[in-house]
Q: 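The structure follows.
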Amino acid sequence: MSSVGLCCLLFISVSVCYWVPTDCYADGKVTKVCGSMEPHHGSPGQTGTSPYHLATNTTTFNPGDHIQVILSGTSYFEGFLLQARDAANQGSASTAGTFTLTNPSRTQLLTCNKQQGSAVSHTSDARQTQVTVIWNAPQDAPNEVQFFVTVVSHYRVFWVKLPGPIIYRHGVTPRPTQPTTTPPPIQTTTPSILPGPFSSDGCGQSKSCLLDPPGCDPQDPRCFFLSMTTEGPDRTSVMFELSGPAEGYVAFALSWDTWMGNDDVYMCLEDGDRVSVSAAFVSGRTHPEDQTQSGVSSVSWRLADGVIQCRFSRPVKLANLEPGRYDLDQEYFLFLASGHAQYGKVWKHRQQPLVSTHRKRLTGPPEVLTGSRGPTIMKMHGALMLLAWMLTGSVGTFIASFYKSDWPNQTLLGQKVWFQVHRGLMMLTVTLTVVAFCLPFFYRKGWSKHAGVHPYLGCCVLALSLLQFVLAVFRPGPDSHRRYIFNWGHWGVGSVTEIMAVVAMFLGMRQSSLLLPQPWATHVLIGYVVWLASFRLLLLIHKHFYINKSLGSDDQQGILSDQSEFRSWGSFKKSVILAVLALGNSGLLVALLSSIAEI
């Protein structure tokens with residue numbers, strides 16, 4: 001298969017996909033955590049009183065008995081994992097007996113420790129308040145069997161390995177209850193509600209600030225705001241203020257470079273009608289890992305008027321520096337991002353993070369920072385592609401379509417003027433396309449998995465452009481009987497290429513790495529398409545009028561005598577039309593290039 005065919009096949013067969021964090025075990029296939037019974041949700045389990053309860057219909061059993069086990073709660077839960085274990089051997093993760101389902105549509109059997117049906121879990125994240133199953137006592141059952149359950153209320157709220165009732169074999173004397181030592185409560189910071197919204201007053205004087213757009217008001221839902229202020233007589237801590245649109249979360253990261261990965265992340269996360277603040281680590285282009293409140297203190301928040309805001313403090317140096325947590329007395333690039341969240345689950349940021357233009361020492365002098373959401377290499381990609389297909393390519397195509405009959409006696413380097421101009425513009429278009437096509441690969445260091453159809457269209461445009469170049473090199477002579485095949489093929493491939501390039505431009509301006517202001521940028525590109533179509537229609541009408549006037553007179557001699565004057569006047573008008581077309585294309589191109597420069 002040719003490169004064109006392969007590229008177009010990929011374009012047709014690949015659908016648009018967007019990264020979202022997985023629910024990990026939304027389908028209940030949790031056999032990998034049979035031993036620990038702990039969900040991999042990137043946050044610790046709850047330590048407070050659980051609203052869920054396990055019960056059995058008996059306290060004793062014989063081998064072969066069928067015991068009813070009920071999981072119930074005073075609030076909904078989305079997932080669970082239920083097991084029976086030897087109560088006398090708490091250090092063992094081996095299961096005891098098997099289960100039988102009473103509601104296969106909501107529950108399913110799992111194989112733990114190579115024993116089929118030894119655990120029960122959910123089949124989806126549909127909410128429920130009660131589950132009933134049957135435990136089947138095996139012939140080799142231990143004398144004491146205890147039930148354990150992990151319950152997930154929603155993604156970040158779950159209780160791990162809650163102990164349930166203990167049942168005994170007939171004839172076994174229950175052991176006396178051993179006193180347990182209650183572990184000391186975990187010290188956490190109780191968040192408070194901010195008395196009012198943040199202000200940018202003091203930016204550059206008493207605190208360092210990063211704002212997008214520059215100079216915006218943190219009370220505006222369209223404003224992204226981050227400020228840093230050193231605290232204490234010895235400047236041993238830093239207070240952060242973080243603000244953005246209340247669409248789920250707003251976060252910032254400390255990074256050694258401008259590439260996402262190995263970053264210390266702090267998130268202001270909407271969770272119902274409250275806001276939580278947590279620290280995390282991003283190892284690559286993935287969702288945050290190892291979320292924790294460790295080191296975060298003096299937390300306060302506000303969720304109102306379409307804005308989410310939080311304020312918290314963090315020591316400059318952490319006593320136990322965990323992997324991914326950085327000291328604040330170093331210089332870092334600052335990332336500022338936002339996105340959607342649901343039940344504490346963080347989704348991919350909706351646009352490219354704002355990245356500070358230079359590294360900042362968080363304990364350094366106050367300053368107003370600036371940033372960009374468009375990497376320079378991606379800005380160059382967009383600018384070169386727009387230049388190729390909004391100016392050089394479109395003008396070159398118009399010349400080939402409507403200007404072959406003009407300047408008939410004028411040559412340039414041994415060829416007609418129209419052909420030399422057309423060939424030069426199209427060679428420039430192919431060169432710009434090749435260079436622009438390579439830039440995203442340099443930036444991503446490979447293929448982008450989250451750009452949807454756009455890169456496949458770009459692949460097709462490049463392949464067809466190169467095919468046009470090859471066809472032009474091997475075109476037959478003007479008198480060849482195969483010339484008409486070349487003419488139609490060259491016109492058809494060129495038309496398809498131009499259409500794909502326009503579609504790729506529409507999709508490209510919505511990419512997170514080069515997100516142009518909407519809907520303004522889309523309206524400009526629509527204006528370009530209408531502008532181009534209008535001039536094509538105008539020149540088609542002119543061409544039709546020219547042919548009719550040339551052939552419409554009965555006096556052939558009169559036609560011949562007036563032909564030179566008519567052609568001269570027609571060529572002048574068409575030259576003016578071409579100049580106006582090029583100027584209009586240039587104006588629309590400059591409008592989009594200016595918006596790229598401002599990202």
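Remember, it's a predicted structure, so these values are computed and weren't measured experimentally.
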Q: Locate the shortest heavy-atom distance separating P218 from S243; write the atom from each residue and the value.
A: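 The answer is O-OG, 3.4 Å.
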
Q: Run E498 and S394 through side-chain hydrogen bond (donor to acceptor under 3.5 Å, both in side chains) and show every step you take.
A: CA-CA 8 Å; E498 189 172 16; S394 61; 5.5 Å; no

Q: Check the pair V580 / W531 against side chain to side chain contact (heavy atoms under 4.5 Å, CB included), numbers first and verdict last.
A: CA-CA 11 Å; V580 173; W531 173 264; 4.0 Å; yes

Q: Would you name the heavy atoms of F437 and P440 that are closest together and state the gap between them?
A: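 Shortest heavy-atom contact: O-CD, 3.3 Å.
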
Q: For the pair F240 and F252, evaluate ring-ring contact (aromatic ring centres under 6.0 Å, His included) and give the outcome as yes or no after the intermediate values.
A: CA-CA 10 Å; F240 294 95; F252 75 91; 5.0 Å; yes

Q: Is there a donor-acceptor pair under 3.5 Å between the side chain of T357 and the backbone N or O of G371?
A: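 No: the side chain of T357 does not pair with the backbone of G371.
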
Q: Does the structure place the NZ or CZ of K360 under 6.0 Å from the centre of the six-membered ring of Y332, at an angle of no more than 45° from the ring's axis?
A: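 Negative - K360 is either too far from the ring of Y332 or too far off its axis.
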
Q: Give the intermediate values and the outcome of side chain to side chain contact (heavy atoms under 4.5 Å, CB included) for residues R536 and T397.
A: CA-CA 10 Å; R536 188 172 291 276; T397 301; 4.0 Å; yes

Q: What's the shortest heavy-atom distance between Q205 and P366, and which atoms?
A: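 For Q205 versus P366, the nearest heavy atoms are O-CG, 3.3 Å.
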
Q: If you count heavy atoms of other groups shown closer than 6.0 angstrom to CH2 of W520, is the number above 12?
A: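 Yes, the 6.0 Å shell around CH2 holds more than 12 heavy atoms from other groups.
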
Q: Any side-chain to backbone donor/acceptor pair from H340 onto G248? Under 3.5 Å, distance only.
A: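 Side chain of H340 to backbone of G248, a donor-acceptor pair under 3.5 Å: no, none is there.
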
Q: Should the heavy atoms of other residues, nucleotides or ligands under 6.0 Å from CZ of F441 be counted, would the total exceed 12?
A: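 Yes, enclosed.
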
Q: Between F281 and R325, is there a cation-pi geometry (under 6.0 Å to ring centre, at most 45° from the normal)?
A: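 Output no; distance or angle outside limits.
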
Q: In this structure, are over 12 heavy atoms from other groups packed under 6.0 Å from R361 atom CZ?
A: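 Yes.
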
Q: So, S534 side chain and V530 main chain: donor-acceptor pair closer than 3.5 Å or not?
A: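 Yes, S534 side chain to V530 backbone: donor-acceptor pair under 3.5 Å.
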
Q: Who are the side-chain hydrogen bond (donor to acceptor under 3.5 Å, both in side chains) partners of T522, not counting sequence neighbours?
A: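 Residues passing side-chain hydrogen bond (donor to acceptor under 3.5 Å, both in side chains) with T522: R510, Q518.
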
Q: Step by step, work out the side chain to side chain contact (heavy atoms under 4.5 Å, CB included) result for L592 and L525.
A: CA-CA 8 Å; L592 290 179; L525 199 53; 4.3 Å; yes

Q: Is it true that a side-chain atom of D263 and a backbone atom of V265 form a donor plus acceptor pair closer than 3.5 Å?
A: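 No: the side chain of D263 does not pair with the backbone of V265.
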
Q: If we count only N and O atoms by modelled type, under 3.5 Å, do the side chains of W389 and T433 hold a donor and an acceptor together?
A: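 A donor-acceptor contact under 3.5 Å links the two side chains.
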
Q: Roughly how far apart are L369 CG and D212 CG, rounded to 0.5 Å?
A: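 Between L369 CG and D212 CG, I get 12.5 Å after rounding to 0.5 Å.
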
Q: I need the minimum non-hydrogen distance between L516 and A521, along with the two atoms involved.
A: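 For L516 versus A521, the nearest heavy atoms are CB-CB, 3.6 Å.
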
Q: What are the two closest non-hydrogen atoms of Q468 and G489, and how far apart are they?
A: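 For Q468 versus G489, the nearest heavy atoms are OE1-O, 4.4 Å.
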
Q: Please report the C-alpha distance between T497 and S465 in whole Å, then the side-chain angles of each, then the deciding distance to 0.1 Å, and finally whether the side-chain hydrogen bond (donor to acceptor under 3.5 Å, both in side chains) criterion is met.
A: CA-CA 7 Å; T497 307; S465 299; 5.2 Å; no

Q: If you measure from CE on M380 to CD1 on I596, what distance do you get to the nearest 0.5 Å?
A: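 Separation between the atoms: 11.5 Å.
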
Q: For the NZ atom of K416 and the CD atom of Q420, what is their distance to the nearest 0.5 Å?
A: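 Reported to 0.5 Å precision, the distance equals 12.0 Å.
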
Q: Establish, yes or no, whether the cationic atom of R373 lies under 6.0 Å from the six-membered ring centre of F224 and within 45° of the ring axis.
A: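 Geometry flag: set, cation within 6.0 Å and 45°.
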
Q: Begin with the C-alpha distance, continue with both residues' side-chain angles, and end with the deciding distance and a verdict on ring-ring contact (aromatic ring centres under 6.0 Å, His included) for W259 and Y443.
A: CA-CA 9 Å; W259 183 255; Y443 173 68; 5.1 Å; yes

Q: Does N262 form a side-chain hydrogen bond (donor to acceptor under 3.5 Å, both in side chains) with S255? I'd like the steps, not just the answer.
A: CA-CA 7 Å; N262 298 324; S255 181; over 6 Å; no

Q: Taking atom CH2 of W447 as the centre, does the number of heavy atoms from other residues, nucleotides or ligands within less than 6.0 Å exceed 12?
A: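 Counting neighbours around CH2 of W447, more than 12 heavy atoms of other residues, nucleotides or ligands fall under 6.0 Å, so yes.
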
Q: If you measure from NE2 on H422 to OG on S401, what distance do you get to the nearest 0.5 Å?
A: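 Answer rounded to 0.5 Å: 8.0 Å.
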
Q: Pick from V590, V502, V395, L588: which one makes a side chain to side chain contact (heavy atoms under 4.5 Å, CB included) with M390?
A: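 For M390, the side chain to side chain contact (heavy atoms under 4.5 Å, CB included) test succeeds with only one of V590, V502, V395, L588, which is L588.
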
Q: What distance separates C460 SG from M500 CE, expressed to the nearest 0.5 Å?
A: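 One finds 4.5 Å between SG of C460 and CE of M500.
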
Q: Output yes when a side-chain donor or acceptor of D264 lies under 3.5 Å from a complementary backbone atom of Y326, and no otherwise.
A: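 At least one qualifying donor-acceptor pair exists.
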
Q: Quick check: closest heavy atoms across E241 and K207, and the distance to 0.1 Å?
A: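 The answer is OE1-NZ, 3.3 Å.
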
Q: Take L532 and F398, measure what side chain to side chain contact (heavy atoms under 4.5 Å, CB included) needs, and give me the verdict at the end.
A: CA-CA 10 Å; L532 215 61; F398 262 78; 3.8 Å; yes

Q: Within the distance-only criterion (no hydrogens, no angle test), does the side chain of Q309 pair as donor or acceptor with the backbone N or O of L303 below 3.5 angstrom?
A: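 Such a contact is absent between Q309 side chain and L303 backbone.
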
Q: Once you round to the nearest 0.5 Å, how far does CG of L386 lie from OH of Y528?
A: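 Nearest 0.5 Å value for the CG-OH distance: 9.5 Å.
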
